[in-house]
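For reference, the structure is listed below as structure tokens.
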2 protein chains.
Amino acid sequence: MPRPPDPARAAARREAVTAAAARLFAERGYENTSVTDLARAAGLSSGSVFYHFPDKRAVFRSLFERDLPQCRELVERSLDTDDPLESILGMVDALGAEALDPTAPGIMVELLRQVDRDPELARIVSENASVLHRGFATLLRRAIESGTVDGGLDPDEAAAWIQAVIDAAFLNAENDTDPRPMLRLIVGRFLAAPTTGKAT
Amino acid sequence: MPRPPDPARAAARREAVTAAAARLFAERGYENTSVTDLARAAGLSSGSVFYHFPDKRAVFRSLFERDLPQCRELVERSLDTDDPLESILGMVDALGAEALDPTAPGIMVELLRQVDRDPELARIVSENASVLHRGFATLLRRAIESGTVDGGLDPDEAAAWIQAVIDAAFLNAENDTDPRPMLRLIVGRFLAAPTTGKAT
DNA sequence: GTCTATACAGGGATAGAC
DNA sequence: GTCTATCCCTGTATAGAC
């Protein structure tokens, strides 16, 4: 019986391709993974991959399209706080936790490479980064206001550096040690208002 | 007159390929740059590239083979000091300066990708990283001894994180601002012995 | 929707003349 | 040493049957 159109099943197969892509792109890299490789790993034919995705780049992008909602949610949750510094460190922890995913370093590196070569991908990740940036910068302003963060820092510049250090944690995550304690320490000390000198 | 063998000229052409590779690999990525592209940019034929290099990967490796001596020199110079903390920050400055090279971010990302796929490349860069690591760790031990760096830090772990933060500067180098001031600030605060509490 | 088959292009590396 | 010509392979994407 020739299967009736089944959107649920189709979505599942699309998802299978995305999952295979996360693993294979991380292990072997984007260019060293053929669409046929993805198809085999996901249990379908290469022709079918091109039915579900317009081209190979779109498969890669699909890895990041699902991130934006989570990202917004994290920021919203974090903005609702009395202790902005602690909330910043909480965001750092949450983002650092993703570095525990064994595919994270590989995907991160591929992302850095591909983002300059696919404008649509650039749009997606820059939206993502903007959300985080605004979250960090807003919290930094509040924390500076309340005297828990060094007023000599520029909130936007500091936010960018926090994100850079988190990215570095991803790249450095080859070993399976949890980066979060050191990440928290580094960011915490970076931001801390000088204990000596001008208290409020 | 059919030129006599001229090793100097040959070395110059080899060097031209390396220079073209730095630019093109950074701009377009390793896989998206063909040997023919490199050859054209360096002003010779693709056949000649394979005369000077055994294969394409060797061209990429040539970008890093020249780094090791500079690296050793930096560490040696830095170890000869009375103020180990200042010397660490000096190393950070020197390494951060390389991020000003406009090809640095692109090459950095390619390096991260290729290092898992070329054992010979891995050998080269791990030797490089080891030299730096030992330099940082040695200076950290001395600085902890003399009370200028937080004795609660593990020297090896801290050294690894300093290197990670420097990597972060490379990734963040899309804009043309000098990363060194912030780099120094972040590392300095990361390491600083707590001013309150136990003085020696 | 999913497959098989294939068009079409491009790249790494080698051969051999000069 | 340097070139040109080319072998051989692989990969993306499409066509068309089912």
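Note on naming: letters A, B, ... go to the chains in the order of the sequence lines (proteins, then strands), and numbering restarts at 1 for each one.
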Should [X] be listed as having a side-chain N or O under 4.0 Å from OP1 or OP2 of [N]?
| X | N | answer |
| --- | --- | --- |
| A:Y51 | C:dT2 | no |
| B:R9 | D:dT2 | yes |
| A:S45 | C:dC3 | yes |

Item to check | B:F25 and B:Y30 aromatic ring geometry - parallel, tilted or perpendicular at 30°/60° bounds | outcome: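 It falls in the tilted class, 30° to 60°.
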Item to check | Close side-chain approach of B:F190 and B:L153, heavy atoms under 4.5 Å | outcome: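 They are in contact (side-chain heavy atoms under 4.5 Å apart), so the answer is yes.
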Checklist entry - Does a side-chain heavy-atom distance below 4.5 Å link A:R9 with A:R13? => result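 Yes, at least one pair of side-chain atoms sits under 4.5 Å.
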Checklist entry - How close or far is atom P of C:dT4 from atom CZ of A:R40, stated in whole angstroms? => result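 Those two atoms, CZ and P, are 11 Å apart.
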Checklist entry - Please give, in whole Å, the distance from D:dA13 C1' to A:H52 NE2? => result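 Between C1' of D:dA13 and NE2 of A:H52: 16 Å.
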Checklist entry - Which ring pair (Phe, Tyr, Trp, His ring centres under 6.0 Å) pairs, counting each pair once, include a residue from residues 137-189 of chain B, with sequence neighbours left out? => result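 Output for this query is empty, none listed.
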Next on the checklist: What I want to check is whether the side chains of A:T36 and A:S46 have a donor and an acceptor closer together than 3.5 Å.
Outcome noted: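 No, no side-chain donor-acceptor pair sits under 3.5 Å.
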Checklist entry - Which is it for A:M108 and A:R113 under the side-chain contact (heavy atoms from CB on, under 4.5 Å) test, yes or no, and what are the steps along the way? => result CA-CA 9 Å; A:M108 179 66 168; A:R113 266 175 49 88; over 6 Å; no
Checklist entry - Less than 4.0 Å between a side-chain N and a carboxylate O, is that true for B:R123 and B:E120? => result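 Salt bridge present between B:E120 and B:R123.
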Item to check | Residues A:E27, A:T103; criterion side-chain contact (heavy atoms from CB on, under 4.5 Å); working and verdict | outcome: CA-CA 8 Å; A:E27 276 173 18; A:T103 71; over 6 Å; no
Show the distances under 3.5 angstrom between N or O atoms of the protein and N or O atoms of nucleotides 15-18 of chain D.
none

Considering only nitrogen or oxygen atoms on both sides, find all protein atoms under 3.5 Å from nucleotides 9-12 of chain D and state each distance.
{"from": "D:dT12", "atom 1": "OP1", "to": "A:K56", "atom 2": "NZ", "distance (Å)": "2.8"}
{"from": "D:dT12", "atom 1": "OP2", "to": "A:V35", "atom 2": "N", "distance (Å)": "2.8"}

